[in-house]
Amino acid sequence: MVNPVQPESGSSTAIPPPASSAGSDESAFLAAPLDIRTIDQERLYVAAVESSIHAFITIDFGGVIAGWSPGAERMFGYSADEAIGAPIDLIFPPGEVEQATWIREMILQGSRIETYEAVRVAKDGRTVNVVATLSPIRAASGEIVGICSILTDVTNQRLAEQLFGLVVEACPSGMIVSDQDGSIVLVNSATERLFGYSRGELLGQTIELLVPERMRSRHTAFRGAFARHAKDGRPSHGRVMQARCKDGSEIEAEIGLNPILIEGRQMVLSVIFDVRERQRIERMKNEFIATVSHELRTPLTSITGSLGLLLGGAAGPQTEPAKRLLTIAQANSLRLVRLVNDMLDIEKIESGQVVFNHQETDIRALVEDAIEANRGFSEQFQVRVMLAPDAECATVCVDADRIVQVVTNLLSNACKFSPAGGEVEVRIERANGAVRVSVRDQGPGIPEEFKPRVFSKFAQAESPYTRQKGGSGLGLNIVKQIVVHHGGQVGFAPAPGGGTIFHIDLPAVAGGGLSQAMAAASQPQRRAMMCSRDFDGSSALCGLVRSRGFVVDFVATASAALARAALGRYALFVVDLPMRDLDGVGLIRQLRMSAHHAATPIVVAAPGGWAGNADLRYDDLGIVGWLDKPADCTCLARILDRIEAGKGRPRVLHVEDDRAFLDLVGHLLKGDFDVVSVASLEEARQALQSGTFDASLLDLGLPDGRGTELLPYLRDRAGNELPVVVHSGSGADEQTSARAEAVVMKAPGSIRELVGTLRRILKQDGSHQRSGGEVA
């Protein structure tokens with residue numbers, strides 16, 4: 001018979017007897033209900049306990065297990081028969097029995113223990129990390145007679161946390177986790193080494209501690225912008241900025257930001273790379289390349305030339321055995337020269353050191369030159385190279401030498417893999433606005449498993465046939481690199497009847513050539529350039545620009561953009577970051593150096609347009625607008641509306657005595673507006689005399705008077721009143737509110753409302769609607 005007890009929850013239950021009835025029925029864990037009217041509720045309660053993944057254990061005050069749920073069986077491996085009646089020490093680690101005594105004393109006082117973390121031991125010796133909730137069980141009289149324990153297994157979670165900690169500590173780059181307010185909550189050892197602060201000095205501080213003082217206000221704005229976009233889950237990588245160490249020195253660091261959600265709290269993981277080491281390695285690599293270029297190429301040239309002279313009889317007749325050895329030596333030296341040249345070409349292309357000299361050229365003439373130059377090579381393999389009779393003549397804007405190199409690599413590849421007596425066919429045709437050059441061989445074809453790696457570096461299919469043909473495995477990769485830098489594409493397909501067809505697609509120049517087309521355009525200002533490495537991703541932006549009457553030239557690299565910009569005048573550039581061969585700052589700076597394009601509107605698209613907008617290096621480059629990627633056509637349409645209306649970017653006069661607040665608002669608005677920031681009435685009057693404005697943000701409390709003194713002077717050239725947004729801590733009087741478009745009260749978070757209000761007022765068509773009320 002079991003004595004009824006009353007738990008703190010108020011429901012009627014009991015502690016089952018220690019041994020004999022264990023496991024016979026549901027009363028092995030919970031006593032039968034006292035009131036028949038609650039039988040369904042009790043059965044549901046029993047079913048919930050038995051199906052739960054948590055362990056439900058009841059213990060009497062003698063420390064003996066009185067109840068053992070199925071969840072406890074699964075967690076610890078003991079059956080109910082084995083556990084009930086045994087001391088609770090059964091699952092305690094050695095040396096921690098006093099824990100049970102402390103728990104019993106706390107429960108005896110009527111306390112409830114929640115989320116108590118502990119370590120327990122399973123039957124097979126496994127360590128089980130648990131989180132426990134412990135409650136007293138009371139008899140009907142109110143006397144505490146036992147303990148109800150609910151255990152949750154968090155072993156895997158703790159293991160994951162330990163692994164995460166080890167990974168964070170082992171990472172050679174600095175790692176910082178900060179909350180939405182920018183407070184640092186976690187740092188690793190690499191961060192301590194990088195900045196010179198101890199962990200204790202960093203935890204709880206704002207991330208701006210590691211930013212130079214002159215950049216802190218803008219960094220705060222950038223951090224706020226990133227936090228607002230964090231819900232999108234998009235990281236921001238490759239942002240290079242100055243960072244400040246404890247000793248006051250500054251280092252150049254590359255920052256990667258990743259939004260993470262921890263227990264419902266939005267956090268930011270910052271990964272910090274010290275680019276000084278990377279720059280040192282780059283210098284070493286460049287020095288090595290220079291050494292290889294000079295110290296290896298020069299002697300190889302001498303060796304190859306000397307062997308050729310010997311074979312030609314310059315040192316007298318050679319015996320047949322000597323000729324055979326000299327031939328082998330010359331063939332291998334030539335092979336080594338090709339390998340060195342290929343490696344240096346790849347390195348220069350990838351590092352952006354290769355300068356492409358784009359000129360309008362007939363592609364057929366280039367192909368014919370390449371075929372003729374490789375005639376001797378094809379004869380070595382007894383292969384005939386033939387240009388299709390119907391090969392078209394087409395004008396392309398390319399670096400002629402590099403395209404000859406591309407065709408040469410494709411021809412040499414086709415000759416090597418075609419059988420003796422075979423034929424390599426070259427075709428030139430137009431397809432979808434591009435010029436396609438294709439090379440067909442009669443080889444064995446490409447194995448299915450090798451196809452994904454055809455254009456990779458050092459890629460060669462594994463077969464005796466391939467090894468017999470030799471080669472560095474770099475030729476096709478060089479082909480792809482050069483073609484992509486020209487804004488083209490490469491590909492291959494099985495040839496009907498056997499063999500493989502490799503092809504390259506290059507953008508065709510319409511009509512009689514790019515220069516003629518631009519010169520003949522009746523409105524040359526209607527030509528735009530799209531600079532993007534992603535043709536498909538930029539197609540929507542290109543379509544929108546074309547719909548406005550622009551002729552759009554698409555280029556895939558910065559070098560191609562500069563080459564085309566040098567040929568004529570463009571009315572618009574859209575630069576899609578990142579570029580392959582030059583960063584956006586370098587490209588735009590070079591465009592601005594051209595007399596034709598010193599003031600040409602430039603729109604920049606970036607992953608998180610607000611993030612690129614935070615890069616201080618763009619401040620003096622006259623960017624007319626920033627687009628968020630993927631293609632933000634709506635924003636581009638607004639920018640084009642303003643450009644076509646001849647209005648340029650709206651000019652905003654911001655009058656505010658708080659310099660830090662001026663910098664913050666200026667940073668947030670610079671993507672859409674030209675902001676002139678002043679801190680007094682006198683500065684505002686000077687600004688109004690030096691130019692016109694489209695709107696004004698006005699603080700009423702200034703060091704040399706009231707902001708309302710400026711209201712009569714805030715007019716455009718025609719004398720019309722400018723839209724004014726008042727930003728005040730004490731509100732505005734009735735007359736000021738009537739004159740203002742809106743009054744925004746100074747309060748935490750009001751800056752977002754201030755900026756949003758201004759953007760709503762300055763519609764792209766120049767119209768605005770007076771609100772006349774206060775905005776909280």
Problem - Reported CZ-to-CD distance for the pair Arg244 and Glu208, which is rounded to 0.5 angstrom - result: 13.0 Å

Handout entry: All side chain to side chain donor-acceptor pair (under 3.5 Å) counterparts of Glu114, not counting sequence neighbours
Key = Arg112

Practice task
Determine whether His727 and His654 make a side-chain contact, defined as any pair of heavy atoms from C-beta on separated by less than 4.5 Å.
Solution key: no

Handout entry: Gap between atom CG of Leu194 and atom CG of Asp274 - 0.5 Å precision
Key = 5.0 Å

Handout entry: Distance (rounded to the nearest 0.5 Å) between Ile147 CD1 and Ile65 CD1
Key = 11.5 Å

Exercise for the section: Kindly indicate whether the side chain of Phe92, heavy atoms from C-beta on, has any atom under 4.5 Å from the side chain of Arg120. Expected result: yes

Practice task
Classify the angle between the aromatic ring planes of Trp68 and Phe76 as parallel (below 30°), tilted (30 to 60°) or perpendicular (above 60°).
Solution key: tilted

Exercise for the section: Return yes if a side-chain donor-acceptor contact under 3.5 Å exists between Ser249 and Asp247, otherwise no. Expected result: yes

Handout entry: Non-hydrogen side-chain atoms of Tyr197 and Leu209 separated by less than 4.5 Å
Key = yes

Problem - Spatial distance of atom CG (Leu90) from atom OH (Tyr78) [nearest 0.5 Å] - result: 4.0 Å

Practice task
Taking the side chain as every heavy atom from C-beta outward, state whether Asp179 and Met267 have any pair of such atoms under 4.5 Å apart.
Solution key: yes

Fill in the blank from the handout: side chain to side chain contact (heavy atoms under 4.5 Å, CB included) test vs Ile107 passes for just one of Ile59, Ile144, Ile137, namely Ile144

Problem - Whether Asp60 side chain and Gly63 backbone form a donor-acceptor pair below 3.5 Å - result: yes

Practice task
Check whether any side-chain heavy atom of Met175 lies under 4.5 Å from a side-chain heavy atom of Leu269, and answer yes or no.
Solution key: yes

Practice task
Only counting residues at least two apart or in another chain, list the ones meeting side chain to side chain donor-acceptor pair (under 3.5 Å) with Ser183.
Solution key: none

Problem - Expected output: side-chain Asn188 to main-chain Ser173 donor-acceptor under 3.5 Å - result: yes

Problem - Between CD on residue Glu656 and CG on residue Leu697, distance to nearest 0.5 Å - result: 9.5 Å

Exercise for the section: Check for a donor-acceptor pair, side chain of Gln266 on one end and backbone N or O of Ile260 on the other, with a separation under 3.5 Å. Expected result: yes

Problem - Set of side chain to side chain donor-acceptor pair (under 3.5 Å) partners for Glu448, sequence neighbours left out - result: Lys451

